[in-house]
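Step one of this worksheet: look at the structure below.
Atoms considered below: every heavy atom in the structure, side chains included; atoms not considered: hydrogens, waters and symmetry mates. When a ligand or atom number is given, it counts from 1 through the structure's own listing order.
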Amino acid sequence: MSTPPRCLVVAGARPNFMKVAPILAELDRRGRPGVLVHTGQHYDAAMSDVFFEELGIPEPDHHLEVGSASHAIQTARVMEAFEPVLLAEKPDVVIVAGDVNSTVACALVAAKLGVKVAHVEAGLRSRDWSMPEEVNRLVTDRLSQYLLAPSQDGVDNLLAEGYPKESIHFVGNVMVDTLLNNLERAKQRPILKELGVEPGGYAVLTLHRPSNVDDPETLGQILEAIRHVGTRVPVLWPVHPRLRGRVRHLGLPQSVRLLNPAGYLDFIALQADAALVLTDSGGLQEETTILGTPCLTLRNNTERPVTITDGTNQLAGTDPTKIVFLADKVLSGQTPPALRPPLWDGHAAVRIVSQISST
Ligand code: UD1
């Protein structure tokens with residue numbers, strides 16, 4: 001087992017936390033703990049603290065407290081606050097994960113200071129340039145020396161874009177490490193009982209993509225379909241803060257139940273026993289694939305095609321007729337068979353740290 005270089009690990013938003021937890025644990029296990037920087041892109045207790053507590057992530061060494069703002073301002077604030085931290089800590093490698101604004105901001109600062117960047121979740125492509133995350137993914141990959149791909153399609157995309165083979169490493173999906181490590185604990189949670197739902201007797205909805213929730217017409221279309229799903233099973237909807245304040249005016253029936261954002265363990269428990277998950281999130285497409293829960297993705301594209309070919313995911317788009325058609329099929333028991341994508345095996349963090357340590 002080789003000793004890792006000095007690593008600085010960046011986490012900023014909710015989907016980062018479950019990705020950095022196993023990497024930090026693996027760095028610890030090898031006797032070279034990472035320096036953890038929380039940018040503060042997500043800051044509500046329900047969007048941040050609960051993940052640190054439940055996943056045993058240590059207190060960040062640096063908290064940049066950037067908060068919410070426009071894309072330009074948020075990205076700029078992260079860059080401005082991150083630069084002195086990087087200069088003071090002098091790591092050999094900066095590890096960034098996923099595709100949020102904090103990911104690209106810290107990668108850019110590191111690249112300009114000549115520090116190597118390792119991108120966890122490299123190579124994913126939706127080919128939808130209007131999606132802020134697609135911009136973040138492409139730019140972050142371009143700035144990275146270690147391109148750590150979760151799936152073969154990621155490797156193929158990077159090769160097609162001309163990246164050198166030596167910098168591309170198929171390491172598997174680190175979010176699955178966290179999921180498998182915590183599944184038994186999640187299943188102990190009394191959340192279903194608390195909400196009064198039975199295993200297999202409810203659907204879960206999440207929505208947060210600006211293209212879905214900020215455009216009233218698209219949101220209206222999606223909710224038309226959700227009202228229909230609600231006539232068959234209760235729909236549990238943990239509401240993202242982006243929609244807070246608006247949802248109560250949408251005239252939803254009682255069968256669509258609005259919840260506060262859930263913690264990690266409760267949310268895994270809810271996904272595991274749901275009859276159906278409807279979502280525009282990237283991470284949920286992956287988690288449902290591992291849990292074997294049918295997933296309808298409320299988008300016209302996905303950067304995670306392996307969840308369709310090898311998992312339980314189907315692209316439903318935002319047209320209510322199509323969503324209703326697919327939801328009815330799933331609720332009548334016609335569900336795609338669940339396979340497990342290659343290297344989604346709970347050992348991605350070991351491969352990530354080995355890779356960074358070997359070159
Ligand atoms: C961000 C990521 C997205 C990821 C999502 C997961 C980018 C470009 N987007 O989107 O890729 O899928 O996180 O949630 O990085 N807010 C709060 N409290 C918080 C955080 C946000 O109230 O702790 C509210 C604010 O009104 C804020 C809005 O949510 O303006 C959006 O937050 P932001 O971080 O800009 O984007 P997300 O939609 O969360």
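When side chains are defined from C-beta on, S357 counts as touching R30, because their heavy atoms get closer than 4.5 Å. Looking only at side-chain heavy atoms (C-beta outward), I308 and Q314 stay at 4.5 Å or farther from each other.
When the options D141, D153, D156 are evaluated for a salt bridge (charged side-chain N to carboxylate O under 4.0 Å, His left out) with R125, the one that passes is D141.
Nearest protein heavy-atom contact of atom 26 (O) of ligand 1 is S68 OG, 4.5 Å. The single protein non-hydrogen atom nearest to atom 18 (N) of ligand 1 is D44 OD2, 3.1 Å, given as residue, atom name and distance. Looking only at heavy atoms of the protein, atom 20 (C) of ligand 1 is closest to H42 CD2, 3.3 Å. Counting protein heavy atoms only, atom 12 (O) of ligand 1 is closest to H208 NE2, 2.8 Å. Here the protein heavy atom with the shortest distance to atom 29 (O) of ligand 1 is R242 N, 3.6 Å. Of the protein's non-hydrogen atoms, R244 NH2, 2.8 Å is the one closest to atom 22 (O) of ligand 1. The single protein non-hydrogen atom nearest to atom 6 (C) of ligand 1 is P15 CD, 3.5 Å, given as residue, atom name and distance. Among all protein heavy atoms, the one lying closest to atom 2 (C) of ligand 1 is V100 CG1, 3.7 Å.
Residue-to-ligand polar distances place N101 within reach of ligand 1: an N/O pair is separated by less than 3.5 Å. Here's the thing with E133: one of its N/O atoms is less than 3.5 angstrom from an N/O atom of ligand 1.
Annotation for ligand 1: atoms under 4.0 Å from non-hydrogen atoms of M47 are 23 (O).
Criterion: ILVMFWY side-chain heavy atoms under 4.5 Å apart, direct or through other members. Under it, L179 and F51 are part of a common hydrophobic cluster. Transitive grouping of hydrophobic side chains (ILVMFWY, heavy atoms separated by less than 4.5 Å) brings V94 and L87 into a common cluster.
Looking at H63 and T39, their side chains never bring a donor and an acceptor atom within 3.5 Å of each other. D177 and H347 share no side-chain donor-acceptor pair at under 3.5 Å.
For H169, the ring pair (Phe, Tyr, Trp, His ring centres under 6.0 Å) criterion is met by no residue, not counting sequence neighbours.
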